[in-house]
Chemist: 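Here it is, the structure in full.
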Amino acid sequence: MSFHKNVKNLIENYGSDVTIKRNDTQVHTKAFIQPLRYKSKVSNDISITMGGFSDGRYYLYIGSAENEFIRADDAIILCNGKKYTVHTSDRFELYDKVLYVWAVLKPYKSLRSDDFETN
């Protein structure tokens with residue numbers, strides 16, 4: 001079995017259930033999503049906003065090569081009851097073939113009408 005198939009099998013067998021929403025389409029897949037760690041410390045940068053708590057942490061996404069993100073997607077990732085948006089992403093290639101896709105995710109924050117009011 002090739003190294004590429006081994007990585008794909010690891011993601012499919014041990015990854016979390018993930019739904020990727022892009023415009024009017026949804027893809028159900030598997031991926032790893034973990035808090036991004038900085039120098040052995042978890043970034044607990046939680047702040048309070050007008051609408052409530054805002055988790056300021058970023059998350060690392062590792063998923064199959066078939067689900068690449070592009071900036072125009074405005075993709076929303078759903079996993080374990082949480083929503084994320086893609087901050088940045090890229091492919092990891094080995095021997096000129098995509099091994100997996102990685103992305104830095106941030107918690108999803110929907111815009112509400114009261115976010116624009118000044119009083």
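Heads up: numbering here begins at 1 and tracks the sequence. What you see is a predicted model; the values in this text were computed from it and never measured.
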Chemist: Write down the atom of Val101, the atom of Ser64, and the distance for their closest heavy-atom approach.
Modeler: CG2-O, 3.6 Å
Chemist: Hey, are the side chains of Leu105 and Val86 touching, using non-hydrogen atoms and a 4.5 Å cut-off?
Modeler: yes
Chemist: Considering the options Tyr58, Tyr108, Tyr59, which one meets the ring-ring contact (aromatic ring centres under 6.0 Å, His included) requirement together with His87?
Modeler: Tyr58
Chemist: If hydrophobic clusters are built by linking Ile, Leu, Val, Met, Phe, Trp and Tyr wherever their side-chain heavy atoms come under 4.5 Å apart, do Val7 and Leu60 end up in the same one?
Modeler: yes
Chemist: Donor-acceptor pairs under 3.5 angstrom involving side-chain atoms of residues 27-35: please list them, not counting sequence neighbours.
Modeler:
{"from": "His28", "atom 1": "ND1", "to": "Thr19", "atom 2": "OG1", "distance (Å)": "3.0"}
{"from": "Thr29", "atom 1": "OG1", "to": "Asn67", "atom 2": "ND2", "distance (Å)": "3.3"}
{"from": "Lys30", "atom 1": "NZ", "to": "Asp17", "atom 2": "OD1", "distance (Å)": "3.0"}

Chemist: Would you say His4's side chain and Leu94's backbone share a donor-acceptor pair under 3.5 angstrom?
Modeler: yes
Chemist: Given the rule that I, L, V, M, F, W and Y join up when any side-chain heavy atoms are under 4.5 Å apart, are Ile62 and Phe92 in one cluster?
Modeler: yes
Chemist: Which pairs count as side-chain hydrogen bond (donor to acceptor under 3.5 Å, both in side chains) when at least one residue sits in residues 94-107, sequence neighbours excluded?
Modeler: none
Chemist: Answer whether the closest heavy-atom distance between the side chains of Leu10 and Asn6 falls below 4.5 Å.
Modeler: no
Chemist: Answer yes or no: is there a side-chain heavy-atom contact under 4.5 Å between Ile20 and Phe69?
Modeler: yes
Chemist: Taking all atoms of both residues into account, what is the closest heavy-atom pair of Pro107 and Thr85, and its distance?
Modeler: O-OG1, 4.5 Å
Chemist: According to salt bridge (Lys or Arg N to Asp or Glu O under 4.0 Å), who are the partners of Glu68, at least two apart in sequence or on a separate chain?
Modeler: Arg91
